[in-house]
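Notes follow the structure.
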Amino acid sequence: MTTATDQQQHLAGPLSAAVAQLCVRLQSQVTARTAAGFREVLRRLSAPLQVAVAGRIKSGKSTLVNALIGRRVAPTDVGECTRLVTRFQYGTVDRVEVIFNDGRKQVLPFDASGMIPNTLDLDFDQVSHIEAYLTNAVLRDLTVIDTPGLGSLDAASVARTEQLLGAAKPADATPDDEESSDDLDDTSRNAVAGAEAVLYVVTQGVRADDQQALAAFTAATASREAGPVNAIAVLNKADTIAPESVTGSDGDVWKAASLLAEKQALTLKPRVADVLPVIGLLAETAESGGFTQADADALKQLAQLDEVTWEMLLVSADMFTSWDCDVPSGTRLRLLEKLDLFGISQAVEAVRQEPELTAGALRRKLLDASGLAGVRARLDAVFRARADGIKAAAALASVTALAQASGDLGERQRVHDAIEVLLAKPEAHALRLLEALTLVTSGAVSMPDDLAEEVLRVGGSADVGEQLGMKGRPQQELVAYALERAGWWRSFASFGATPAQSRVAHVVHRAYFLIWQQLRGN
Ligand SMILES: Nc1nc2c(ncn2[C@@H]2O[C@H](COP(=O)(O)OP(=O)(O)OP(=O)(O)O)[C@@H](O)[C@H]2O)c(=O)[nH]1
Ligand SMILES: [Mg+2]
């Protein structure tokens, strides 16, 4: 049995700790079924933040997963395994397991190139999902869940994806698992399951129904709505955008991608704050050891071709591999697979400017060109920095759902009261604020744009300067502003707001009041 202290060692922060304590305290006061659910909530609270990578079929999800982990391990392109949910989590030894629907596990050997095999010599229908334990440091505080493409979801994949996102424990735990005697029924399991955060991958071909598809995906998989607090989006395959198709790009691919990403952000608003362009393929090749000395040498050879031949090669992927030139066509095909035409042209350009460039330096240039650094920075800012709040809010939603699913009215009331007591504490107010923010950004409570933005600002950061939108300003100004806004939201809550708006306004008022108190205390 895990104790509260065991759990706390791995908790993301004070909010998670508060919710964990609530679960531990309530455990003896609820039915066995609810208690089993609470144990699952506790287990998840102490695990790293679970981020699902979601998006249309072939949008480059697995490629991006590899780039983020820094290792080519997720199968890309074709094959059965791209149609399975794969959870990448931290482990002390690299190991891949197939989990079957009945809870059985089977170790899966890596293939010759160190990847998860693309096809399984197993009855595919019996397979629930894949668990990959890797020693990569990135996974210490993020569990990355690669999902099948949205467009590819047949009924079976949908069921698998729904069942699996976040539900780390298979339907039947193995006998050596201490908790196996506490069977968690489906209702409870569903109440706890769900990725806590989402990374949406879109491409240039984003369609009007993408927004809808992504909303459906979160509804089916996350225990609560995705909003800018727990969702980020990337425009992948930025290299394939034809700059001439985007006005204002001045023929520059990256500029075209940025403009397009801005447009897509408007479509996906308010679920995500913005959309970052990225070239997943370049990132994967540069980050996962895929770029070799031989590749650098081949690029240098290409850099010496005469201008006419070079122009011909760049016409298309077909021309690149088939046009007659000194570099063997097999070598060119390999470069194409690793870098695609844009990456190759960028690399050749770099070599022409600096012929002495080493393979290592060239790799770094490709990495810079991929935009991965921006995605990593965003992941840090949005997910890692807010993991505590995101996890605690998801856990609280699970606790509420578990209580609601209970037939015992007294139990329901006890859980409800305990949550109210928790949320009334100043240190837990951030949770209430996150909840309000999610209500507003998901459209469940409508607010005028400027107020919605203010809620997002106050609830979206833990930094007081950012919360007030006055970073770096003198303390006195911050104090005065916090007090003024606290007053404004209080009167908005009492006059002029709808009942739903009023509930949100009370929360925002209190947030400003607490900020004011904190500032004065300093
Ligand atoms: N040019 C280019 N190709 C990319 C990029 N990212 C991925 N690809 C290619 O797109 C194809 C699909 O990539 P995957 O990573 O398998 O896409 P996925 O979304 O995981 O696909 P499914 O799981 O089958 O839905 C592969 O051939 C990748 O090499 C990119 O940034 N640029
Ligand atoms: Mg895939």
> Who are the side-chain hydrogen bond (donor to acceptor under 3.5 Å, both in side chains) partners of N236, not counting sequence neighbours?
Replying inline: none
>> Could you walk me through whether R44 and E196 satisfy the salt bridge (Lys or Arg N to Asp or Glu O under 4.0 Å) test, starting with their C-alpha distance in whole Å, then the side-chain angles of each, then the deciding distance to 0.1 Å, before giving a yes or no?
In response: CA-CA 10 Å; R44 283 178 52 102; E196 295 156 326; 3.7 Å; yes
> Do E40 and R43 sit within salt-bridge range, that is, some charged N less than 4.0 Å from a carboxylate O?
Replying inline: yes
> Listed by chain and number, what are the side-chain hydrogen bond (donor to acceptor under 3.5 Å, both in side chains) partners of R140, not counting sequence neighbours?
Replying inline: Y90
> Could you give all pairs that pass the salt bridge (Lys or Arg N to Asp or Glu O under 4.0 Å) test and reach residues 490-507, with sequence neighbours left out?
Replying inline: none
>> Does R71 qualify as a cation-pi partner of F110, given the criterion of NZ or CZ under 6.0 Å from the six-membered ring centre and within 45 degrees of its axis?
In response: yes
>> Could you check whether R104 pairs with E97 (Lys NZ or Arg NE/NH1/NH2 to Asp/Glu carboxylate O, under 4.0 Å)?
In response: no
Ignoring hydrogens and angles, write down the donor-acceptor pairs under 3.5 Å from the side chains of residues 417-425, residues two or more places apart or on other chains.
{"unit_1": "D417", "atom_1": "OD1", "unit_2": "Q413", "atom_2": "NE2", "d": "3.0"}
{"unit_1": "E420", "atom_1": "OE1", "unit_2": "R432", "atom_2": "NH2", "d": "3.0"}
{"unit_1": "E420", "atom_1": "OE2", "unit_2": "R432", "atom_2": "NH2", "d": "3.4"}

>> Atom CG of residue position D463 - does it have more than 12 heavy atoms of other residues, nucleotides or ligands inside 6.0 Å?
In response: yes
>> For V19 versus L431, what's the shortest heavy-atom pair and its separation?
In response: CG2-CD1, 4.0 Å
> Does a side-chain N-to-carboxylate-O contact under 4.0 Å join R485 and E454?
Replying inline: yes
>> Taking the side chain as everything from C-beta on, heavy atoms only, tell me whether T143 gets closer than 4.5 Å to L49.
In response: no
> Got a salt bridge between K61 and D146, using NZ or NE/NH1/NH2 to carboxylate O under 4.0 Å?
Replying inline: no
> Is the side chain of Q126 donor-acceptor paired with the backbone N or O of N101 at a distance under 3.5 Å, no angle test?
Replying inline: no
>> So, using side-chain hydrogen bond (donor to acceptor under 3.5 Å, both in side chains) as the criterion, who are the partners of R510 when residues are at least two apart?
In response: none
>> Please evaluate residues W488 and F492 with respect to the criterion ring pair (Phe, Tyr, Trp, His ring centres under 6.0 Å), reporting the C-alpha separation (whole Å), side-chain torsions for both, the decisive distance (0.1 Å), and the verdict.
In response: CA-CA 6 Å; W488 190 92; F492 178 61; 5.2 Å; yes
> Under the side chain to side chain donor-acceptor pair (under 3.5 Å) criterion, do S491 and S494 qualify, and how do the steps go?
Replying inline: CA-CA 5 Å; S491 48; S494 315; over 6 Å; no
> What residues form a side-chain hydrogen bond (donor to acceptor under 3.5 Å, both in side chains) with R412, not counting sequence neighbours?
Replying inline: none
>> Under 3.5 Å, is there a donor on one side chain and an acceptor on the other for T63 and E284?
In response: no
> Say you draw a straight line from CG of L84 to CD1 of I99; how long is it, rounded to the nearest 0.5 Å?
Replying inline: 11.5 Å
> Does the pair H129 and E131 meet the rule for a side chain to side chain donor-acceptor pair (under 3.5 Å), with working shown?
Replying inline: CA-CA 7 Å; H129 68 290; E131 294 276 356; 2.8 Å; yes
